[in-house]
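Remember, it's a predicted structure, so these values are computed and weren't measured experimentally.
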Amino acid sequence: MNSFTTRLSAPFRSKELDMTVEALSPELETVVANAASATAILAATSPGARASALVAVADALEAAKPALVAIGMEETGLTEARLTGEVTRTAVQLRLFATTILDGSYLDARIDYADADFALGVRPDIRRTHIPVGPVINFSASNFPFAFSVMGGDSAAILAAGCPLIVKAHSGHPRLSDATAEVASAALAAAGMPAGTFQLIHGREAGVAVLKDPRIKAGSFTGSISVGRLLADIAASRPAPIPFFGELGSVNPVFITADVIAERATDIASGYLTSVAGSAGQLCTKPGFAFVPADSDLPAAIQAAAGEPSEHRLLDPRIARSYEERRTAILTAPGVRALVEGGIRFDEAGHGWATPTIVIVSLADFRASKEALVDEAFGPLSIVVETPVGTDLAALVREFFEGNLTGTLHISDAEGSGDSTNTNELRVLVNALSQQVGRVLFNGWPTGVAVTPAQQHGGPWPATTNDSSTSVGTAAITRFLRPVAYQSAPAAFLPEVLQDTNPLGVPQAIAPAGESKAWGSAARD
């Protein structure tokens with residue numbers, strides 16, 4: 001499992017949408033050929049072997065944690081505590097996926113036995129499961145150098161699905177990417193995974209070239225809307241289009257009721273500031289907007305809770321300059337006032353160091369300056385929007401926001417029990433949010449995405465390029481599988497998960513002969 005390095009750092013250009021498939025460089029040809037050669041071998045590995053390989057990678061990452069974290073701190077400016085926790089999260093995620101592989105329910109095995117009395121005529125024996133799609137390229141993220149990078153969630157899901165993985169390293173932490181790849185490659189090789197199971201490449205042009213190659217069967221990405229859209233368009237414009245799963249931008253609106261402010265304004269203010277400031281606001285789930293009743297006590301509570309925040313380095317100079325421009329545009333928009341001034345300074349190396357900025361604006365001014373205010377500010381900045389009494393909050397969701405990863409409600413105890421005069425209004429708001437986001441939270445903050453089987457980390461465009469999937473949680477594996485049905489197949493030719501003997505012990509949804517009579521009766525009724 002070699003890690004090839006091709007360092008090409010030119011920005012994406014429109015010419016990269018040219019779908020002419022040119023010969024790859026010798027280095028990239030070797031990478032893609034290795035992945036293609038590994039496809040059938042990896043797909044045929046037992047669930048136990050694949051699960052053991054993921055656990056081996058998790059163990060190796062934790063063993064190498066001190067060295068990896070030290071490199072990460074140098075390259076990203078993130079704190080030791082943050083990066084240490086991220087390694088732990090990455091290891092937990094790998095082990096969770098290993099457990100999922102052994103369980104087998106993600107394969108969604110279905111068996112419909114032959115039925116001569118089927119309601120619509122004779123039914124043959126049909127059995128359906130999912131198989132790996134083949135080689136996948138994963139474009140890793142900058143803001144999570146472990147959890148969404150070389151061995152992060154997408155990579156774990158790709159390997160768990162049984163697909164060869166090619167990772168395009170992020171230019172923001174190249175040394176950490178190489179070091180992580182070395183640890184993972186050694187662990188996978190020691191676990192017996194075939195050569196070509198995992199490889200690392202560097203450079204945007206190299207990533208685009210691999211994405212265009214017909215041997216690549218899917219892609220994943222975490223990053224900006226502009227780059228994600230370009231890559232998604234490339235994947236869709238290939239002679240044989242492939243699925244592309246991109247996690248892009250999100251502003252994560254929060255709605256806070258008057259009743260809950262009366263109950264716990266101080267706690268809400270503290271939680272809000274912590275969520276905005278965490279990792280210098282460079283999180284896809286940072287709350288970008290908080291809608292609060294006009295003339296409430298929350299703005300004063302936010303100011304009181306701000307204290308003297310410590311500054312935090314932004315990931316790289318490009319992000320810092322972009323944040324400075326976005327912050328200036330917001331602060332100079334008509335009607336915007338600073339609650340927490342914050343700021344940003346640049347050191348001699350060009351790195352930006354920021355403290356949180358919280359601004360406040362009336363709904364009328366927010367509406368008038370929508371174009372200047374509504375887009376994401378990638379950094380420690382959030383906007384409080386004061387809404388007049390009687391404002392239709394659900395309508396605001398539809399008016400101001402496209403798809404988002406999250407939407408949050410802070411409600412009082414009485415409102416939470418359904419014993420409130422505004423219960424119906426809140427239900428309408430919850431429904432509006434559920435149409436626009438992937439995760440609806442109550443009385444919490446969207447930063448901190450639990451790695452659990454039920455997690456949904458995705459949402460309508462532009463939060464993601466594909467609204468039917470998640471990039472966190474065990475359901476993420478299904479992105480890199482495709483369904484196949486076998487009709488009237490002899491047992492010797494069936495995958496083990498579809499055999500009557502079920503040697504792997506996976507869950508099977510079985511429709512026995514004769515069951516369809518009830519379906520026909522129900523249809524007539």
Please walk me through it: do L315 and Y323 pass side chain to side chain contact (heavy atoms under 4.5 Å, CB included)?
CA-CA 11 Å; L315 290 164; Y323 172 69; over 6 Å; no
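- K168 places no side-chain N or O within 3.5 Å of a backbone atom of A206 that could act as its donor or acceptor partner.
- Electrostatic pairing of R326 and D375 does not count as a salt bridge here, judged by no charged N lying under 4.0 Å from a carboxylate O.
- Under the 3.5 Å distance criterion, the side-chain polar atoms of N404 are left unmatched by any main-chain donor or acceptor of V437.
- Side-chain contact between Q436 and P253 is absent, with no heavy atoms from C-beta onward closer than 4.5 Å.
- When atom types are taken as modelled, the side chain of E402 and the backbone of W461 share no donor-acceptor pair closer than 3.5 angstrom.
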For side chain to side chain contact (heavy atoms under 4.5 Å, CB included), just list the numbers for V254 and W445, CA-CA rounded to whole Å, side-chain angles, deciding distance to a tenth of an Å, and then say yes or no.
CA-CA 9 Å; V254 177; W445 298 100; 4.0 Å; yes
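- A salt bridge links R82 with E86: the distance from a Lys NZ or Arg NE/NH1/NH2 to an Asp or Glu carboxylate oxygen falls below 4.0 Å.
- A side-chain donor-acceptor contact under 3.5 Å links S468 and N466.
- Looking at N138 and S220, their side chains come closer than 4.5 Å, going by heavy atoms from C-beta outward.
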Under the side chain to side chain contact (heavy atoms under 4.5 Å, CB included) criterion, do T257 and L426 qualify, and how do the steps go?
CA-CA 10 Å; T257 69; L426 290 171; 4.1 Å; yes
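- In this structure, the side chains of V276 and P287 come closer than 4.5 Å at one or more pairs of heavy atoms.
- For the side-chain contact (heavy atoms from CB on, under 4.5 Å) test with L409, the passing option among L433, L441, N443 is L433; the others fail.
- Counting non-hydrogen atoms of neighbouring residues, nucleotides and ligands closer than 6.0 angstrom, the CD atom of E399 exceeds 12 such neighbours.
- Here the shortest heavy-atom pairing between M73 and T79 reads CG-C, 4.3 Å.
- Atom CD of E247 is separated from atom OG1 of T465 by 10.0 Å, given to the nearest 0.5 angstrom.
- Distance OG1/T90 to CG/L61: 7.0 Å, rounded to 0.5 Å.
- Looking only at side-chain heavy atoms (C-beta outward), H130 and Y106 stay at 4.5 Å or farther from each other.
- Using a 4.5 Å cut-off on side-chain heavy atoms (C-beta onward), V133 and C163 make contact.
- The closest side-chain donor-acceptor pair between S275 and T447 falls under 3.5 angstrom.
- A donor-acceptor distance shorter than 3.5 angstrom exists from the side chain of T470 to the backbone of V472, with no hydrogens or angles considered.
- Side-chain contact check for S471 versus R479: some heavy-atom pair is nearer than 4.5 Å.
- Looking only at distances, no side-chain donor or acceptor of R95 sits under 3.5 Å from a matching main-chain atom of V55.
- Between the side chains of N252 and S250, a donor-acceptor pair is found at a separation under 3.5 Å.
- Taking a 6.0 Å sphere around CZ of R345, one finds it holds more than 12 heavy atoms contributed by other residues, nucleotides or ligands.
- For the atom pair CG (D419) and CG (D413), the distance works out to 11.5 Å, reported to the nearest 0.5 Å.
- Residues I330 and A377 share a closest heavy-atom pair of CD1-CB, 4.1 Å.
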Kindly determine whether L405 and H457 satisfy side chain to side chain contact (heavy atoms under 4.5 Å, CB included), including the steps that lead there.
CA-CA 6 Å; L405 294 172; H457 192 61; 3.7 Å; yes
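- Annotation: cation-pi geometry not satisfied between R367 and F400 (NZ/CZ under 6.0 angstrom from ring centroid, within 45° of ring axis).
- For the pair H410 (side chain) and G444 (backbone), a donor-acceptor distance under 3.5 Å is present.
- In this structure, the separation between CG on D154 and CZ on F139 is 11.5 Å, given to the nearest 0.5 Å.
- Under the 4.5 Å side-chain criterion, counting only non-hydrogen atoms from C-beta, Q93 is not in contact with L96.
- The backbone N or O of D267 sits nowhere less than 3.5 Å from a side-chain atom of S270 that would complete a donor-acceptor pair.
- Side-chain contact of S412 with E415: a donor-acceptor pair under 3.5 Å is present, judged by distance alone.
- Put simply, the side chain of I344 does not reach to within 4.5 Å of the side chain of W353, judged on heavy atoms.
- Other residues, nucleotides and ligands contribute only 12 or fewer heavy atoms inside 6.0 Å of the CG atom of D297.
- Rounded to the nearest 0.5 angstrom, I256 CD1 and I268 CD1 are separated by 5.5 Å.
- Applying the ring-ring contact (aromatic ring centres under 6.0 Å, His included) criterion to F289, with sequence neighbours excluded, gives F366, F401.
- Side chain of S177 to main chain of H173: a donor-acceptor pair is present (N/O by atom type, distance under 3.5 Å, no hydrogens or angles).
- In terms of modelled atom types and a separation under 3.5 Å, the side chain of S382 and the main chain of I358 share no donor-acceptor contact.
- Summarising the geometry, atom CZ belonging to F378 is positioned 5.0 Å from atom CD1 belonging to I319; distances are rounded to the nearest 0.5 Å.
- Counting only distance, with no hydrogens or angles, the side chain of E62 and the backbone of A91 share no donor-acceptor pair below 3.5 Å.
- For G72 against L83, the heavy-atom pair with the smallest separation is C-CD1, 3.5 Å.
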